Amino acid sequence: MQTQVEKFETFRALHQQGETFVMPNAWDAGSAVILAAMGFQALATTSAGYAFSVAKRDSFAELSRAEILRNTGQIVNAAELPVSADLENGFGHLPQDCAETVIGAVAAGAVGGAIEDATGEAERPIYEISEAADRIAAAAETARGRPFLLTARAENFLWGRPDLKDTIRRLQAFSEAGADVLYAPGLPDLAAVRTLCSEVDKPVNVVAGLQGEVLNVAELSAAGVTRISTGGSLARAALGALRRAGEEILQEGSFAYAAQAYPGGELASLMSRGQA
């Protein structure tokens with residue numbers, strides 16, 4: 001069993017190996033056990049996937065720091081892998097809020113985490129760049145000396161601001177503020193990904209399965225991407241399978257979906273290991 005520091009060293013090395021790796025997002029302990037058993041090298045959490053699992057919307061208003069960190073701890077404890085946490089916008093507007101969230105994530109066992117520049121406010125959805133950089137600087141200062149790799153997210157493309165130049169400026173500012181990994185979810189196509197990767201000096205995370213052009217690992221790797229996450233898309237895929245199964249029962253009166261279900265014996269074996 002690896003210590004938290006050993007997991008951190010493993011996670012950091014993945015970003016330095018010169019090869020693109022996929023870090024899928026688990027939404028609960030069970031999904032973490034399954035993904036870990038499949039051979040992935042690291043996992044992330046997903047606020048969206050967690051929200052769906054507890055019948056909430058993925059929003060700052062509905063998800064608290066305490067429950068996100070509790071979910072993070074459950075995923076960390078279920079899978080013997082490095083885990084990077086989805087930390088929303090740090091759960092507060094102040095730099096100190098971001099710092100406190102990093103401390104909580106480390107206490108939960110995470111060896112990394114992402115903080116957004118989205119405010120959660122309709123009238124000003126994105127923090128001004130200087131304010132956003134100050135928040136990342138506080139998180140980075142807190143992470144220094146702790147087993148924690150900080151990812152900074154520029155949220156323009158998710159909030160109706162499809163400005164690639166501004167997104168790049170933001171990520172450059174976040175890099176200067178101390179972020180270890182840079183991330184702009186919602187980029188529209190491979191050209192945008194390639195441009196962004198060429199303009200920043202830190203490893204880049206790209207999310208798959210969200211929006212925009214459908215790309216594969218080889219294409220993203222050639223564009224310069226270091227890390228690929230999946231956001232809430234795996235959770236949505238699982239819920240899509242649930243809906244299709246329910247529709248089959250209601251509309252056709254049949255249960256053919258069970259033929260593609262995860263075998264119960266295999267699940268029992270996996271989950272027993274997860275409790276060990």
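Since this is a predicted model, take the numbers as computed values, not measurements.
For the atom pair Q2 CD and F8 CZ, the distance stands at 13.0 Å (nearest 0.5 Å). The CG atom of D189 lies 8.0 Å from the CG atom of L215; values are rounded to the nearest 0.5 Å. Atom CZ of residue R169 and atom CD of residue Q172 lie 8.5 Å apart, to the nearest 0.5 angstrom. Distance check: D117 CG to I129 CD1 gives 8.5 Å after rounding to the nearest 0.5 Å. If you take OG1 on T101 and CD on Q96, they are separated by 9.5 Å, rounding to the nearest 0.5 Å. Interatomic distance, CZ of R144 versus CG of L150, reported as 10.5 Å (0.5 Å rounding).
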Residues V207, Y183; criterion side chain to side chain contact (heavy atoms under 4.5 Å, CB included); working and verdict: CA-CA 8 Å; V207 62; Y183 180 13; 3.2 Å; yes
Decide side chain to side chain contact (heavy atoms under 4.5 Å, CB included) for N25 and L234; before the verdict, give the C-alpha distance in whole Å, the side-chain angles of both, and the deciding distance to 0.1 Å. CA-CA 7 Å; N25 297 65; L234 289 177; 5.8 Å; no
Taking it one step at a time, do F11 and Q41 satisfy side chain to side chain contact (heavy atoms under 4.5 Å, CB included)? CA-CA 8 Å; F11 191 48; Q41 297 171 288; over 6 Å; no
Stepwise, does the side chain to side chain contact (heavy atoms under 4.5 Å, CB included) test hold for L158 with L210? CA-CA 10 Å; L158 299 187; L210 181 62; 3.8 Å; yes
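At a threshold of 4.5 Å between non-hydrogen side-chain atoms, the residues P185 and R153 count as touching. Contact check for L164 versus L187: side-chain heavy atoms found under the 4.5 Å cut-off. Looking at heavy atoms from C-beta onward, I68 lies in side-chain contact with S47 at the 4.5 angstrom threshold. Side-chain contact check for I249 versus F255: some heavy-atom pair is nearer than 4.5 Å. Within the 4.5 Å cutoff, the side chain of D180 has no heavy atoms near those of the H15 side chain.
Side chain of Q4 to backbone of V106: a donor-acceptor contact under 3.5 angstrom is found. With hydrogens and angles ignored, the 3.5 Å screen pairs no side-chain donor or acceptor of R161 with any backbone N or O of D166. Between the side chain of S198 and the main chain of T195, a donor-acceptor pair closer than 3.5 Å is present. The backbone N or O of A179 sits less than 3.5 Å from a side-chain atom of K202, completing a donor-acceptor pair. Between the side chain of T20 and the backbone N or O of V225, at least one donor-acceptor pair lies under 3.5 Å. In terms of modelled atom types and a separation under 3.5 Å, the side chain of S269 and the main chain of G265 share no donor-acceptor contact. Looking only at distances, no side-chain donor or acceptor of E62 sits under 3.5 Å from a matching main-chain atom of S59. Not a single donor-acceptor pair under 3.5 Å links the side chain of E155 to the backbone N or O of E116. With S221 contributing its side chain and A218 its backbone, the two residues share no donor-acceptor pair below 3.5 Å. Within the 3.5 Å criterion, the main-chain N or O of S233 finds no donor-acceptor partner in the side chain of T230.
Counting all heavy atoms, side chain and backbone alike, E219 lies closest to V214 at OE1-O, 4.3 Å. In plain terms, the two heavy atoms of L267 and Y262 that are nearest each other are CG-CD2, 3.6 Å. Scanning all heavy atoms of the two residues, the minimum distance from F91 to D97 falls at O-CB, 4.0 Å. In this structure, A154 and R170 approach most closely via the heavy-atom pair CB-CB, 4.3 Å. Contact between W27 and Y50 at its shortest, heavy atoms only, is CB-N, 3.8 Å. Residues A118 and N89 come closest through the heavy atom pair O-CB, 3.2 Å.
Between C98 and the options I136, I115, I103, a side-chain contact (heavy atoms from CB on, under 4.5 Å) holds for only I115. Under the side-chain contact (heavy atoms from CB on, under 4.5 Å) test applied with P24, the options L43, I34, I228 reduce to a single match, L43.
Looking at R227 and T151, their side chains do bring a donor and an acceptor atom within 3.5 Å of each other. With no hydrogens or angles considered, a side-chain donor-acceptor pair links S175 and D201 at under 3.5 Å. Side-chain atoms of D86 and T45 form no donor-acceptor pair, as typed in the model, at a separation below 3.5 Å.
Salt bridge status for R244 with E247: absent, with no side-chain N to carboxylate O gap under 4.0 Å.
Cluster annotation: F174 and L196 are assigned to the same hydrophobic cluster (Ile/Leu/Val/Met/Phe/Trp/Tyr, side-chain heavy-atom contacts under 4.5 Å, transitive). One hydrophobic cluster holds both I168 and L182 under the rule that ILVMFWY side chains link at heavy-atom gaps under 4.5 Å. A single hydrophobic cluster is seen to contain both V206 and V217, as judged by linkage of ILVMFWY side chains at heavy-atom distances under 4.5 Å, directly or through other members. Cluster membership for L220 and F21, using ILVMFWY side-chain heavy atoms within less than 4.5 angstrom, is not shared. L149 is not connected to V102 by any chain of hydrophobic side-chain contacts under 4.5 Å among Ile, Leu, Val, Met, Phe, Trp and Tyr, and they are in different clusters.
Crowding of E213 atom CD: a count of heavy atoms from other residues, nucleotides or ligands under 6.0 Å exceeding 12. Around CD of Q16, the count of heavy atoms belonging to other residues, nucleotides or ligands within 6.0 Å exceeds 12. Within a 6.0 Å radius of CD in E6, more than 12 heavy atoms belonging to other residues, nucleotides or ligands are found.
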